[in-house]
Participant: 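Questions regarding the structure given below will be posed in turn.
One-based numbering along the sequence shown.
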Amino acid sequence: MLINHDTRCALESVVDLVNTSPEGDQPDALSDLAALRGFVERHSISDVGRLDDHDLGAVRAVRGLFADVFGAEDTPAAAELLNKMVAGAGTTPRLTDHDGYDWHVHYFAPGASLADHLAADGGMALAFLVVAGEQERLRRCEAPDCRRAFVDLSRNRSRRYCDSRTCGNRLHVAAYRARRREAAN
């Protein structure tokens, strides 16, 4: 599947945002404005002005909508969620070439809030996957103690873990040790 740079960046932002949600004993990684600013900086999100508590609450709400898309049972359900999110963000596609990047499309309106910016660009990136018949690429880690979101961009759609170096290796090592214990008995 061919995904352009901007769509890939938007998908990475969506995944990172969803994974800031409190889960089990993991606290909310968007607990305050400093964490929200860190998120913006980490993803080099452009056209973001001053952030306040309203922005924090609005971004958390968008985070919940993105999580719902990852959990959608089927394509019509995902499409309905994405349509509402993108329409609510006041999507206004426009071409831009800012900050040394080649021409690309921004879907958020000029002066949009951070939440609308994320909903528009991230919603459209997810919509492209749905349109391409690739909703199944929106996944949750299969490790029993991890439910982190990820987008499987592997050629054969075989990725099972959010990170093969952590969750994948941990499970493979545990399975190996279990086989050795069983063989020793």
Participant: Measuring from atom OG1 of Thr75 to atom CD of Gln135, what distance do you get when rounded to the nearest 0.5 angstrom?
Facilitator: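 Thr75 OG1 to Gln135 CD: 4.0 Å, rounded to 0.5 Å.
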Participant: Anything under 30° is parallel, anything over 60° is perpendicular, the rest tilted; go ahead and classify His117 against His106.
Facilitator: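 Tilted, since the angle between the ring planes falls between 30° and 60°.
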Participant: Which pairs would a plain distance check flag for residues 80-87, meaning a side-chain donor or acceptor within less than 3.5 Å of a matching protein atom at least two apart in sequence or in another chain?
Facilitator:
unit_1	atom_1	unit_2	atom_2	d
Glu80	OE2	Lys84	NZ	3.4
Asn83	ND2	Ala79	O	3.3

Participant: Counting only heavy atoms from other residues, nucleotides and ligands, does the tally under 6.0 Å from CD of Glu73 exceed 12?
Facilitator: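 Counting neighbours around CD of Glu73, 12 or fewer heavy atoms of other residues, nucleotides or ligands fall under 6.0 Å, so no.
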Participant: With no hydrogens and no angle check, is any side-chain donor or acceptor of Asp152 less than 3.5 Å from a backbone partner on Ser158?
Facilitator: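 Yes.
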Participant: When you compare the side chain of Val151 with that of Ile3, does any pair of heavy atoms fall below 4.5 Å?
Facilitator: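 In short, these two side chains do not touch, never coming nearer than 4.5 Å.
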Participant: Ala125 and Leu11: which non-hydrogen atoms are nearest, and at how many Å?
Facilitator: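 Result for this residue pair: CB-CD2, 3.8 Å.
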Participant: Using the test salt bridge (Lys or Arg N to Asp or Glu O under 4.0 Å), find all partners of Arg63 that sit at least two apart in sequence or belong to another chain.
Facilitator: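 Salt bridge (Lys or Arg N to Asp or Glu O under 4.0 Å) list for Arg63, sorted by chain: Asp28.
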Participant: Does a sphere of radius 6.0 Å around NE2 in His104 hold more than 12 heavy atoms from other residues, nucleotides or ligands, not counting ones at 6.0 Å or beyond?
Facilitator: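 Yes, NE2 of His104 has more than 12 neighbouring heavy atoms, counting only those of other groups under 6.0 Å.
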Participant: In terms of hydrophobic clusters joined by side-chain contacts under 4.5 Å, are Val18 and Leu153 together?
Facilitator: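 They do share one cluster, since a chain of ILVMFWY contacts under 4.5 Å joins Val18 to Leu153.
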Participant: Is the backbone of His43 close enough, under 3.5 Å, to the side chain of Glu12 for a donor and an acceptor to pair up by distance?
Facilitator: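 Flag not set: sc Glu12 to bb His43 has no pair under 3.5 Å.
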Participant: For Tyr161, does its backbone N or O pair with a side-chain atom of Arg159 as donor and acceptor, under 3.5 Å?
Facilitator: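 Side chain of Arg159 to backbone of Tyr161, a donor-acceptor pair under 3.5 Å: yes, one is there.
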Participant: Would you say the side chain of Leu118 lies within less than 4.5 Å of the side chain of Phe39, judging by non-hydrogen atoms?
Facilitator: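 Yes, close enough: below the 4.5 Å cut-off.
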Participant: On a heavy-atom basis, which atom in Ala77 and which in Asp74 lie closest, and how many Å separate them?
Facilitator: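 Closest pair (atom of Ala77, atom of Asp74, distance): N-OD1, 2.9 Å.
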Participant: Hey, could you give me the OG1/CG distance between Thr7 and Leu129, rounded to the nearest 0.5 Å?
Facilitator: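 With rounding to 0.5 Å, OG1 (Thr7) is 8.5 Å from CG (Leu129).
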Participant: Given Asp47 and Phe108, is the side-chain contact (heavy atoms from CB on, under 4.5 Å) satisfied, shown in steps?
Facilitator: CA-CA 10 Å; Asp47 296 335; Phe108 59 94; 3.7 Å; yes
Participant: For the pair Arg37 (side chain) and Asp32 (backbone), establish whether a donor and an acceptor sit closer than 3.5 Å, ignoring hydrogens and angles.
Facilitator: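 No: the side chain of Arg37 does not pair with the backbone of Asp32.
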Participant: Working to the nearest 0.5 Å, report the span between CZ of Phe66 and CG of Leu126.
Facilitator: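 If I round to the nearest 0.5 Å, the distance is 6.0 Å.
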Participant: For the side chain of Arg60 and the backbone of Ser21, is there at least one donor-acceptor N/O pair under 3.5 Å apart?
Facilitator: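 Side chain of Arg60 to backbone of Ser21, a donor-acceptor pair under 3.5 Å: no, none is there.
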Participant: Can Arg160 be said to sit on top of Phe150's aromatic six-ring, NZ or CZ under 6.0 Å from centre and within 45° of the ring axis?
Facilitator: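 No, Arg160 and Phe150 do not form such a contact.
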Participant: Atom CG in Asn4, atom SG in Cys9: separation rounded to 0.5 Å?
Facilitator: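 One gets 9.0 Å once the value is rounded to the nearest 0.5 Å.
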Participant: Just to verify, what does Arg42 make a salt bridge (Lys or Arg N to Asp or Glu O under 4.0 Å) with, not counting sequence neighbours?
Facilitator: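 Checked Arg42 against salt bridge (Lys or Arg N to Asp or Glu O under 4.0 Å); matches are Asp16.
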Participant: Show the nearest heavy-atom pair for residues Asp121 and Ala10, with the distance to one decimal.
Facilitator: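 Heavy atoms only, the tightest pair is O-CB, 3.8 Å.
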Participant: Nearest 0.5 angstrom please: Leu33 CG to Leu51 CG, how far?
Facilitator: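 Between atom CG of Leu33 and atom CG of Leu51 there are 7.0 Å.
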Participant: Looking only at heavy atoms, which two atoms of Ala29 and Ala35 are closest? And how far apart?
Facilitator: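 Smallest heavy-atom distance, with atoms named: O-CB, 3.3 Å.
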Participant: On a heavy-atom basis, which atom in Asp116 and which in Gly88 lie closest, and how many Å separate them?
Facilitator: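 Answer, listing the atom of Asp116 first, then Gly88: OD1-O, 4.0 Å.
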Participant: Taking Arg94 for the side chain and Tyr107 for the main chain, is one N or O donor matched with an acceptor at less than 3.5 Å?
Facilitator: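 No, because the side chain of Arg94 does not come within donor-acceptor range (under 3.5 Å) of the backbone of Tyr107.
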Participant: I would like to know whether Arg148 and Glu23 meet salt bridge (charged side-chain N to carboxylate O under 4.0 Å, His left out); could you show each step before the answer?
Facilitator: CA-CA 9 Å; Arg148 292 179 59 86; Glu23 184 108 14; over 6 Å; no
Participant: List the steps and the verdict of side-chain contact (heavy atoms from CB on, under 4.5 Å) for Val14 and Leu17.
Facilitator: CA-CA 5 Å; Val14 167; Leu17 182 60; 5.7 Å; no
Participant: For residues Met124 and Val105, determine if any side-chain heavy atom of one lies less than 4.5 Å from a side-chain heavy atom of the other.
Facilitator: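 No, their side chains stay 4.5 Å or more apart.
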Participant: Hey, what do you get for OG1 (Thr96) to CG (Asp102), rounding to the nearest 0.5 Å?
Facilitator: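 Those atoms lie 11.5 Å apart.
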Participant: Looking at side-chain heavy atoms only, is the closest gap between Arg139 and Arg157 below 4.5 Å?
Facilitator: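 Yes, at least one pair of side-chain atoms sits under 4.5 Å.
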